[in-house]
Amino acid sequence: MIYTIKQLLENTINEIFSESVNNQSIDFSIERPNNDKHGDFSSNIALKLASVLKNNPMIIAKNIVEEIQKKNVESVDNIEIVKPGFINFFINNNYYQNIVEKILLEKDDYQKTNIGKNKKVQVEFVSANPTGPLTIGHGRQAVLGDAVSRILEWNGYEVTREYYFNDAGRQMRLLGKSLYVRYMGLFGEKLEIPTDGYEGEYIIDIAQLFLNKYGEKYKNNFVETVFIDYATENLLFSIKSTLKRLDIVHDVFFNEKTLYENGKIDETLKKMEQSGVTYKSDGAIWFKTTEFGAEKDRVLVKSSGEPTYRLPDIAYHAQKLTRDYDRIIDIFGADHHATYPDVISALKVMNYDTSKIHVLIHQFVTLVRNNEKIKMSTRKGDFVTLDKLIDIVGKDVVRYFFIMRNMDSHLNFDIELAQKETDENPVYYLQYAHARISNIIKHSKLKNINSFDDGNVKLLVEKEEVDIMKLMSEYKEIMKLCHTTLEPMHLANYLHKLSSHFHKFYQKHRVVTDNEELSKARLKLIKSIKIIFANCLNILGIEAPENM
RNA sequence: GCCCCGGUAGCUCAGCUGGAUAGAGCAACGGUCUUCUAAACCGUAGGCCACAGAUUCGAAUUCUGUCCGGGGUACCA
């Protein structure tokens, strides 16, 4: 409807003011006013035209409205002109009632697009190195990445979820050494955990498993690769199972090591050297990032001959770009925001089309306990694991919690609150609405209403009913917004609003009554709400329960 | 120093590309279950939208500056 009105206004001003406006595009808006008195839709077009036409906005509005009224537009009941020059449109119930029928007819496909049909998109997220269990911070990214993937899938894209990790390098050597220390600890040997090593208790658990498997075979016998491999395998397994508990499954686990093995690292470095964007200094190879707007040049290969993370990152993205994806989406934490521009610059140097790459940055999660901030460090083992969080509040709450906030905003996660208020958590509010609807439909069958296909939606005229239908008419715009911004939060907000409207309706009106005609009409309404609910909850990855 | 986020009710956050009386949840106080689940609903209270300027018919929203918080600015990932 909003699009119809926009078109209508555009056509109208072209007809009346074509000469004076001269095909300039007027940047006017159509919005849904907060106040019902201002109609269903409101446009500021006359206000915008006033400066161009150098005329009183009220007079311009009057001209426009007169012209529109000649056209006798269906669905539009009334048009009003108000104070400074707003044009307000009042839509008749008929239009909204038809939406219910449409939803029932199209079901899950209602407003579904095929924007992404035959398009492949890769979403890279989490990508934590296997040095410890996933933390709450990783949780935000995991949930966000999966929800973004689901939004894309809903729009018809073929999505590959990918996890990029590295089981080599300094960090992993420290991990291996730390495991060895803990293993020896089980024999009563007190060795020092290396500086910057991993002190978390989970290493002790792994050491125990290691002991169970190998016995004393590696006592006083530190074989680095054995310890690293064992720790990696174990941690990666637990990471996968944590993600699985959130219904998140990656299609591809990409090990950075393969880039060394297949020569992509060398190839990338060579290409960059040939392009003349590198130089040697102090025994290291540098990337002239200052030429691309950075404040300092960056090291690609250390004087030790070992690449920094930057070179593999570049090689990895170059490799992604050769995999014929139509879009590549990277989800990173705020700590990465400084590094990805370098990757993009490097790719441009090598003549890749970087417009396919879209980077989403989310802000950090701050863990709060008793109003005190807790610092999270995987290395020190001072963190609350994602697993523990799922134990406490469950999958649905975890997912909803991370989705309900804008990714640009810092997230405060209060542990005490999460434990205390599981019953008052907003996610139950949504699920409860869905469960109530299911229950009513069940109840209607007990009352011998076996089918309500012949229900007449024209009977839906109560304010609470119309409000719900109006909100459902916004569904299309919400889904569009989610797709363009890739911000699942909008969907969570929408669902909350829809729940609220439903609960209000439920409180005031009974669905199943002695009036069979009305009962059937209302059953149609709630069934359509249920469809929308199930759809949205599915995209957010939250269960839509039949009972609670 | 420079770069990226944020600063809205006691707390956690919405507020779309500027619009007409600033919104929700939690917390506080008061009310509503013989009738489809009270995990709900209704009401009360609570705001100089960090601060100062600028643009505009009109700014929480755009721009500039200042202050405060988080992150980055590694030959760590």
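Quick note: numbers below take in every heavy atom, side chains included, and nothing from hydrogens, waters or symmetry partners. Just so we're on the same page: letters track the sequence lines, and every chain starts at 1.
- Between the side chain of A:Y428 and the base of B:A39, no donor-acceptor pair under 3.5 Å is found.
- Listed candidates were B:A40, B:C5, B:G72. Nearest to the side chain of A:H337 is B:G72.
- If you check distances only, the side chain of A:S42 does reach the base of B:A20 with a donor-acceptor pair under 3.5 Å.
- The shortest distance between the side-chain N/O atoms of A:K504 and the OP1/OP2 oxygens of B:C42 is below 4.0 Å.
- Stacking here means ring centres nearer than 5.5 Å and ring planes tilted less than 30 degrees, and by that measure A:H38 stacks onto B:A20.
- For A:Y432, taking side-chain heavy atoms from C-beta onward, the closest of the listed nucleotides B:G25, B:A39, B:C76 is B:A39.
- Under a 4.0 Å N-O distance rule, the pair A:K257/A:D167 qualifies as a salt bridge.
- A:Q171 comes within 4.0 angstrom of sugar-phosphate atoms only, judged by non-hydrogen atoms across all strands, and of no base.
- The side chain of A:N412 places an N or O atom within less than 4.0 Å of a non-bridging phosphate oxygen (OP1 or OP2) of B:U12.
- With hydrogens and angles left out, the side-chain atoms of A:D330 and A:H336 include no donor and acceptor closer than 3.5 Å.
- In this structure, A:D313 reaches neither bases nor backbone, as no heavy-atom distance under 4.0 Å exists between it and the strands shown.
- Evaluation of atom-type donor-acceptor distances gives no pair under 3.5 Å for the side chain of A:D335 against the base of B:G72.
- In this structure, A:A338 reaches the sugar-phosphate backbone alone: every heavy-atom distance under 4.0 Å involves primed, P, OP1 or OP2 atoms, never a base.
- For A:E462 and A:K508, the salt-bridge test fails: no basic side-chain N is under 4.0 Å from an acidic carboxylate O.
- Note on A:M489: only backbone sugar-phosphate atoms sit closer than 4.0 angstrom, heavy atoms only; bases stay farther off.
- Between the side chain of A:S303 and the base of B:C75, at least one donor-acceptor pair of N or O atoms lies under 3.5 Å.
- Using a 4.0 Å cut-off, some side-chain N or O of A:S409 falls inside it from OP1 or OP2 of B:A14.
- Side-chain nitrogen and oxygen atoms of A:Y429 include at least one within less than 4.0 Å of the OP1 or OP2 phosphate oxygen of B:C41.
- In this structure, A:Y506 reaches the B:A38 phosphate: one of its side-chain N or O atoms is under 4.0 Å from OP1 or OP2.
- The phosphate of B:C16 has neither OP1 nor OP2 within less than 4.0 Å of any side-chain N or O from A:K480.
- Among the heavy atoms of the strands, none lies under 4.0 Å from A:E477.
- Between the side chain of A:H410 and the base of B:G71, no donor-acceptor pair under 3.5 Å is found.
- Aromatic pair A:H250/A:F125: centroids less than 6.0 angstrom apart.
- A:N88 comes within 4.0 angstrom of a nucleotide base, judged by non-hydrogen atoms across all strands.
- Atoms CZ (A:R310) and P (B:G72) sit 14 Å apart, rounded to a whole Å.
- Note on ring orientation: taking the six-membered ring where Trp is involved, the planes of A:F254 and A:Y316 are tilted (angle from 30° to 60°).
- Between the side chain of A:E295 and the base of B:G1 there is at least one donor-acceptor pair of N/O atoms closer than 3.5 Å.
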